[in-house]
Peer 1: 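Supplied in structure tokens, the structure appears directly below.
Counting from 1, the numbers follow the sequence of the chain as shown. Scope of the values below: all heavy atoms of this structure, side chains included, with no hydrogens, waters or symmetry mates. Because the structure is predicted, anything quoted here is derived from the model rather than measured.
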Amino acid sequence: MEMWMLIGELMRAKTREYLASSPIDPEYMPRLRPPATSAQIDALESLAGQPLDPEYRRFLSLSDGLDGFEYDMPLLGCQNWEDPERSELASMFRDVVLETGPLTEVGLPGETRVFPVYVNSDGAAGFLMLHHHADDLERFWWTGEGDNMFFNTFRDLLAYVTDGSYSPRHLFG
């Protein structure tokens with residue numbers, strides 16, 4: 001499925017969730033954003049200190065993040081890193097994950113680089129993009145509040161959130 005079609009399916013699912021909520025709060029409405037420019041995406045890649053997943057890069061070229069991804073929190077795009085409040089929460093989440101214990105405890109190489117792609121409003125859970133030299137390991141990690149799920153690609157993560165059509169690898173314990 002093309003990325004634009006997957007984004008459409010994600011928007012349909014998120015809009016249904018939004019309309020089914022009570023009371024309806026416009027702050028939580030899912031919204032696409034204007035596309036990020038190539039220069040903005042390159043700058044984000046530089047900030048991340050790792051190559052962006054090609055599908056995340058494609059997503060950003062279609063919509064620079066997604067407002068209302070989970071309630072009032074966006075799927076992070078380039079513009080979020082220009083917002084000190086939003087970027088501070090994402091950076092704090094990354095730092096807490098790294099300080100909580102070695103990455104090897106969740107089966108990742110110790111030299112793995114992590115970069116937040118989504119962080120919930122209290123900074124207790126989020127998705128991290130991973131970069132390591134192990135080709136057989138996943139690129140995305142959903143962690144926090146007792147969850148540890150791993151996704152091969154950004155597309156797999158979106159498919160899971162949209163309709164559950166992808167089954168991530170779970171780490172229990």
Peer 1: Tell me whether the centres of the aromatic rings in Tyr118 and Phe127 are closer together than 6.0 Å.
Peer 2: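 That pair passes the under 6.0 Å test.
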
Peer 1: May I have the step-by-step check of side chain to side chain contact (heavy atoms under 4.5 Å, CB included) for Glu145 and Asn120, ending in yes or no?
Peer 2: CA-CA 11 Å; Glu145 300 177 344; Asn120 70 0; 3.3 Å; yes

Peer 1: Look at the rings of His133 and His131 and say which category their plane angle falls in: under 30° parallel, 30 to 60° tilted, over 60° perpendicular.
Peer 2: perpendicular

Peer 1: Measuring only between side-chain heavy atoms, which start at C-beta, is Gln79 closer than 4.5 Å to Asp83?
Peer 2: no

Peer 1: Tell me the closest heavy-atom pair linking Ala159 and Tyr166, and the distance in Å.
Peer 2: CB-CB, 4.1 Å

Peer 1: How close do Thr112 and Leu103 get, heavy atom to heavy atom, and via which atoms?
Peer 2: O-CD1, 3.5 Å

Peer 1: Which heavy atom of Arg33 sits nearest to which heavy atom of Ser63, and what is that distance?
Peer 2: N-OG, 2.9 Å

Peer 1: Could you give the distance from OH (Tyr18) to CE (Met29), rounded to the nearest 0.5 Å?
Peer 2: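 With rounding to 0.5 Å, OH (Tyr18) is 4.5 Å from CE (Met29).
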
Peer 1: Looking only at non-hydrogen atoms, find the nearest pair between Asn80 and Leu75 and report the distance.
Peer 2: OD1-O, 4.1 Å

Peer 1: Checking Val114 against Leu98 for the side chain to side chain contact (heavy atoms under 4.5 Å, CB included) test, could you report, in this order, the C-alpha distance in whole Å, the side-chain angles of both residues, the deciding distance, and whether it holds?
Peer 2: CA-CA 9 Å; Val114 300; Leu98 292 173; 3.8 Å; yes

Peer 1: So, Tyr160 versus Phe151, ring centres under 6.0 angstrom or not?
Peer 2: yes

Peer 1: Measure the CD-CG distance between Glu55 and Leu60 for me, rounded to the nearest 0.5 Å.
Peer 2: 12.0 Å

Peer 1: So Leu76 and Arg86, do their side chains get closer than 4.5 Å, heavy atoms only?
Peer 2: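 In contact.
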
Peer 1: Please check this pair: side chain of Thr104 against backbone of Gly107, looking for a donor-acceptor N/O pair closer than 3.5 Å.
Peer 2: no

Peer 1: Show me the side-chain donor-acceptor pairs of residues 35-45 shorter than 3.5 Å, one per line, residues at least two apart or across chains.
Peer 2:
{"unit_1": "Thr37", "atom_1": "OG1", "unit_2": "Gln40", "atom_2": "N", "d": "3.0"}
{"unit_1": "Thr37", "atom_1": "OG1", "unit_2": "Gln40", "atom_2": "OE1", "d": "3.4"}
{"unit_1": "Gln40", "atom_1": "OE1", "unit_2": "Thr37", "atom_2": "N", "d": "2.8"}
{"unit_1": "Asp42", "atom_1": "OD1", "unit_2": "Arg57", "atom_2": "NH1", "d": "3.4"}
{"unit_1": "Glu45", "atom_1": "OE1", "unit_2": "Arg57", "atom_2": "NH2", "d": "3.1"}
{"unit_1": "Glu45", "atom_1": "OE2", "unit_2": "Leu52", "atom_2": "N", "d": "2.9"}
{"unit_1": "Glu45", "atom_1": "OE2", "unit_2": "Arg57", "atom_2": "NH2", "d": "2.9"}

Peer 1: Should the ring pair Phe140 and Phe154 be called parallel, tilted or perpendicular, given that the plane angle runs from 0 to 90° and is split at 30 and 60?
Peer 2: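 If you compare the ring of Phe140 with that of Phe154, the planes turn out tilted.
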
Peer 1: Just wondering, do Pro116 and Val97 contact through their side chains at under 4.5 Å, heavy atoms?
Peer 2: no

Peer 1: Measuring only between side-chain heavy atoms, which start at C-beta, is Asp53 closer than 4.5 Å to Thr153?
Peer 2: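 Of all side-chain heavy-atom pairs linking Thr153 with Asp53, at least one is under 4.5 Å.
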
Peer 1: Can you name the nearest heavy-atom pair linking Asp67 to Pro74, along with the distance?
Peer 2: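 In this case the closest contact between Asp67 and Pro74 is OD1-CB, 3.9 Å.
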
Peer 1: Start with the C-alpha gap between Met149 and Trp141, add the side-chain angles, then the distance that decides, and say whether side chain to side chain contact (heavy atoms under 4.5 Å, CB included) holds.
Peer 2: CA-CA 6 Å; Met149 295 182 282; Trp141 176 23; over 6 Å; no

Peer 1: Could you go through residues 1-14 and list every donor-acceptor pair under 3.5 Å that involves a side-chain atom there, pairing it with any protein atom two or more places apart or in another chain?
Peer 2:
{"unit_1": "Glu9", "atom_1": "OE1", "unit_2": "Arg12", "atom_2": "NH2", "d": "2.4"}
{"unit_1": "Glu9", "atom_1": "OE2", "unit_2": "Arg12", "atom_2": "NH2", "d": "2.7"}
{"unit_1": "Lys14", "atom_1": "NZ", "unit_2": "Glu17", "atom_2": "OE1", "d": "3.4"}
{"unit_1": "Lys14", "atom_1": "NZ", "unit_2": "Phe69", "atom_2": "O", "d": "3.0"}
{"unit_1": "Lys14", "atom_1": "NZ", "unit_2": "Glu70", "atom_2": "OE2", "d": "2.6"}

Peer 1: Quick one: does Gln50's side chain get under 4.5 Å of Arg139's, heavy atoms only?
Peer 2: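 A side-chain contact under 4.5 Å exists here.
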
Peer 1: Might you point out which heavy atoms bring Trp81 and Ser91 nearest each other, and give the distance in Å?
Peer 2: CZ3-OG, 3.7 Å

Peer 1: Check this for me: Arg169, atom CZ, are more than 12 non-hydrogen atoms of other residues, nucleotides or ligands nearer than 6.0 Å?
Peer 2: yes

Peer 1: Do Leu47 and Val117 sit in one hydrophobic cluster, given that two such residues count as connected whenever their side-chain heavy atoms are within less than 4.5 Å of each other, even indirectly?
Peer 2: yes

Peer 1: Transitively linked via ILVMFWY side-chain contacts under 4.5 Å: Leu171 with Phe93?
Peer 2: yes

Peer 1: Would you say that His132 contacts Arg113 through its side chain, given a criterion of any heavy-atom pair below 4.5 Å between the two side chains?
Peer 2: no

Peer 1: List the steps and the verdict of side chain to side chain contact (heavy atoms under 4.5 Å, CB included) for Asp64 and Leu32.
Peer 2: CA-CA 8 Å; Asp64 185 14; Leu32 295 174; over 6 Å; no

Peer 1: Taking everything shown except Arg58 itself, do over 12 heavy atoms lie less than 6.0 Å from its CZ?
Peer 2: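 No - once you tally the heavy atoms of other residues, nucleotides and ligands closer than 6.0 Å, there are 12 at most.
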
